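A quick write-up on the structure given underneath.
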There are 2 protein chains.
Amino acid sequence: MSNEKPKEYLGIREIAKLAHVSPSTVSRVINSPERTSEEVRNQVNAVIKKYHYIPNQLAKNLFSKSSNAIAVFIHDMTNAYFMLLLKELSRLAFEQKYTLLTCNINNSQVEQEYLDYCQSIRTKGIIVVDGPFTDLYKHTPPSIKLVSFDRVMDSWNHSSVTANQLQGIDLVLEHLVGLGHRKIAYAADKWKSYGANTRKHAYQQLIGWKYNLPYREDYVGYFECAIPCGLDIVNYYMSLPDPPTAILCTNDTMAIGVLMGAQHLGLKVPEDLSIVGFDGLNENFSFPKLTTVKQDYHQIARHLFDNIVDPVKAAQVHHDVVDVSLSIGQTTGPAKR
Amino acid sequence: MSNEKPKEYLGIREIAKLAHVSPSTVSRVINSPERTSEEVRNQVNAVIKKYHYIPNQLAKNLFSKSSNAIAVFIHDMTNAYFMLLLKELSRLAFEQKYTLLTCNINNSQVEQEYLDYCQSIRTKGIIVVDGPFTDLYKHTPPSIKLVSFDRVMDSWNHSSVTANQLQGIDLVLEHLVGLGHRKIAYAADKWKSYGANTRKHAYQQLIGWKYNLPYREDYVGYFECAIPCGLDIVNYYMSLPDPPTAILCTNDTMAIGVLMGAQHLGLKVPEDLSIVGFDGLNENFSFPKLTTVKQDYHQIARHLFDNIVDPVKAAQVHHDVVDVSLSIGQTTGPAKR
DNA sequence: TTGAAAGCGATACCAC
DNA sequence: GTGGTATCGCTTTCAA
């Protein structure tokens, strides 16, 4: 009777034995084949192939003291724009043989636990997307690179990537003012994310300072949700004594809600009301095509990624600001007289 | 001069030395404190806390021959329903101390590479969501549990979770027929996912077999995209010689597109046209509230997860079918006479 | 209750 | 060009 239990996975020693060489040689065939003779190499490769040998990454990780992982901390996995970003990050990571860990953060306790976990597996870096102010990251070891997107952390002593929100709002206002609008409202979301807040401030500043339009408190509304309260948003603005002729929404999802609400009320868009979004989710994601500010997620993802994996870039703290562009659709038109 | 380079991470030996005990004791204090004396335990814990010692998970993994990870293979990260599912899976994984690896699959080569990687890190299981037929998983070692959702693989020799699509379509048809509709169209997506295909077949069968309505080829359209082609979809159906009075869409996103298209054409919903979706994305994600079939993602996620981590359940192949329910909104009403 | 030592599986240094 | 061997950091018998 044999005591050999059939192993599920073969190790490098087994392969070595089967190929009549030493483990070191097998390792070399895999990692620096140029340092092995062709004969031995073929022989070993044959065995590897025959037994479908897959090196144990767990051992590699221990030896290299790194899991080659990059974590993404996301606070709102249902936000379509962040998902686009995540997808792109996923592509980049795969391309460069990194593992992407998606961490859904609900609260700061979860955040802390994930942070500890990232340290315990010697993560290369953490991409922190959105979320409230925090100082949890204060004591993160320097070997873990931190990059934030749309979020302010305890200090700016780590890298960040942001879309140029001021530029975006400016482009929108320029476009609307050019169409004759002078009554431009801003619909903000109640949960004040960093990005949304920045946009609101940009609106507030530019409207008076650059475009010489009166800033009206009643034109800035805070709304709880996205699509479903579209009707409420339109109702709110339209029942003002002096209703706006254009509504700038803090993101595309809200804009779509407002669009649906307006249509439901029988308002013609853009004849009766112009609507603008923010994100540029997807060229093909709204109908009628929304006028919106496009934040190039390819570029944003690339910057986030490079701040972690590019040794030159990762060596210093960077604050990348990505240009945005205005995508003019069918929801904006000349102001109603 | 000292040759000591300041280590970024302390190891269990350092902690042991600082606490004047052996590494074994430190390990015990962490993993089975009941087997240590209170005095030693406090002493060691104090040191652990003081130096913020985080055990190296990489070493643990090697020893335990497992990364305690569960992979999710997703083919369409921008599909809102899958994201909801992913979020819930993420929650479950965190709760039970598993690591969730989100793998975005673009093609079968990527899929194969991820599969190899999952083996190399001794993944506990893989949740395969959506995607075309494949036989890539044929040789997956039995220690990696496979569970699919909305996908057919080479054999049904692995577990699966599916929503009861037939039931869903039945509920919809019952609802519509009850409202007097006899001309019910089905808008399918061109990219035939398993789930969408099943629904289409259910429609095809039930319409004639159970509801005694004629099955018309021209009532089943295949459309490329979701929201933006909503107008095209409505145009197509409305220009038929005998247009339908209700359109059942293969998912909620498409339904919203159709809704917007209909409104754009000046059609009243539901007076002129009833619209039904499928997914039940989110109670609060459409306006007017869409009538749709809700697939309970909490339950689906739970089943998927248990098929991997619950030892009893994971020991056998299961095919869980999850009940769906009809959520009646404002987009369906009595058929136009 | 505690400590010493072997090993998890791959790598890289150092001889040959 | 190839093979022996210590090593990564932790866990776990086995002795004391």
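In what follows, chains carry the letters A, B, and so on, assigned in the order in which the sequence lines appear, proteins first and then strands, with residues in each chain numbered from 1. The structure presented is a predicted model; accordingly, all values stated were derived computationally and were not measured.
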Base, sugar-phosphate alone, or nothing: which one does A:Val26 contact when heavy atoms must sit under 4.0 Å apart?
nothing
In whole angstrom, what separates B:Ile30's CD1 from D:dC10's P?
8 Å
In whole Å, what is the span from the CD atom of B:Gln119 to the P atom of C:dG9?
16 Å
Under 3.5 Å, is there a donor-acceptor pair between the B:Ser24 and B:Ser27 side chains?
no
Nearest whole angstrom, please: distance from the P of C:dG9 to the CD1 of A:Ile15.
13 Å
d(CD, A:Gln43; P, D:dG1) in whole Å:
16 Å
What nucleotide among C:dT2, D:dT11, C:dG9 has an atom nearest to a side-chain atom of B:Lys65?
C:dG9
Give the rounded distance in Å between these two atoms: NZ of A:Lys17 and P of D:dG4.
11 Å
Can you tell me if B:Arg41 uses its side chain to pair, donor with acceptor, with the backbone of B:Thr36 under 3.5 Å?
yes
Could you give the angle between the helix axes at the two ends of the helix from C:dT1-D:dA16 to C:dC16-D:dG1, with five pairs per end, rounded to 10 degrees?
40°
Would you mind telling me which of D:dG3, C:dG3, C:dT1 lies closest to the side-chain atoms of B:Ser22?
C:dG3
With a 4.0 Å cut-off on N to O distance, would you call B:Glu14 and B:Lys17 a salt bridge?
no
Taking NZ, NE, NH1 and NH2 as the nitrogens, is one of them in A:Glu113 or B:Lys97 under 4.0 Å from a carboxylate oxygen of the other?
yes
Hey, does the side chain of B:Ser37 come within less than 4.0 Å of C:dT1's phosphate (OP1/OP2), counting only N and O?
no
Residues which pass side chain to side chain contact (heavy atoms under 4.5 Å, CB included) with A:Gln112, listed by chain and number, not counting sequence neighbours:
A:Leu115, A:Asp116, A:Leu136
Which residues in residues 48-63 of chain A have a heavy atom closer than 4.0 Å to any atom of DNA chain C?
A:Tyr53, A:Pro55, A:Asn56, A:Ala59, A:Lys60, A:Phe63
May I ask you to verify if any side-chain N or O of A:Thr25 is less than 4.0 angstrom from the OP1 or OP2 atom of D:dT2?
no
Identify whether the distance between the nearest side-chain nitrogen and carboxylate oxygen of A:Asp320 and A:Lys313 falls below 4.0 Å.
yes
Test ring pair (Phe, Tyr, Trp, His ring centres under 6.0 Å) on B:Phe94 and A:Tyr114; report intermediate values, then the result.
CA-CA 9 Å; B:Phe94 180 81; A:Tyr114 270 126; 4.9 Å; yes
When rounded to whole Å, the CD to C1' distance for the pair A:Glu34 and D:dT2 reads 15 Å
Partners passing side chain to side chain contact (heavy atoms under 4.5 Å, CB included) against A:Ala19 (at least two apart in sequence or in another chain)
A:Val21, A:Val44, A:Val47
What is the distance from CZ of B:Arg13 to C1' of D:dT11, rounded to the nearest Å?
11 Å
Could you go through nucleotides 13-16 of chain C and list every protein N or O atom that sits under 3.5 Å from one of its N or O atoms, giving the distance for each pair?
none

Which residues share a side chain to side chain contact (heavy atoms under 4.5 Å, CB included) with B:Ser64, sequence neighbours left out:
B:Ser66
When you match B:Pro23 and B:Arg122 each to their closest nucleotide on DNA chain C, which lands nearer the 5' end?
B:Pro23
Could you grab the distance from atom CD of B:Glu111 to atom SG of B:Cys118, nearest 0.5 Å is fine?
10.5 Å
Gap separating the OG atom of B:Ser67 from the NZ atom of B:Lys124, nearest 0.5 angstrom
7.5 Å
Measure from OH on A:Tyr9 to P on C:dA10 and round the result to the nearest Å.
12 Å
Ignoring hydrogens and geometry, is there a side-chain-to-backbone donor-acceptor pair from B:Thr99 to B:Ala69 under 3.5 Å?
no
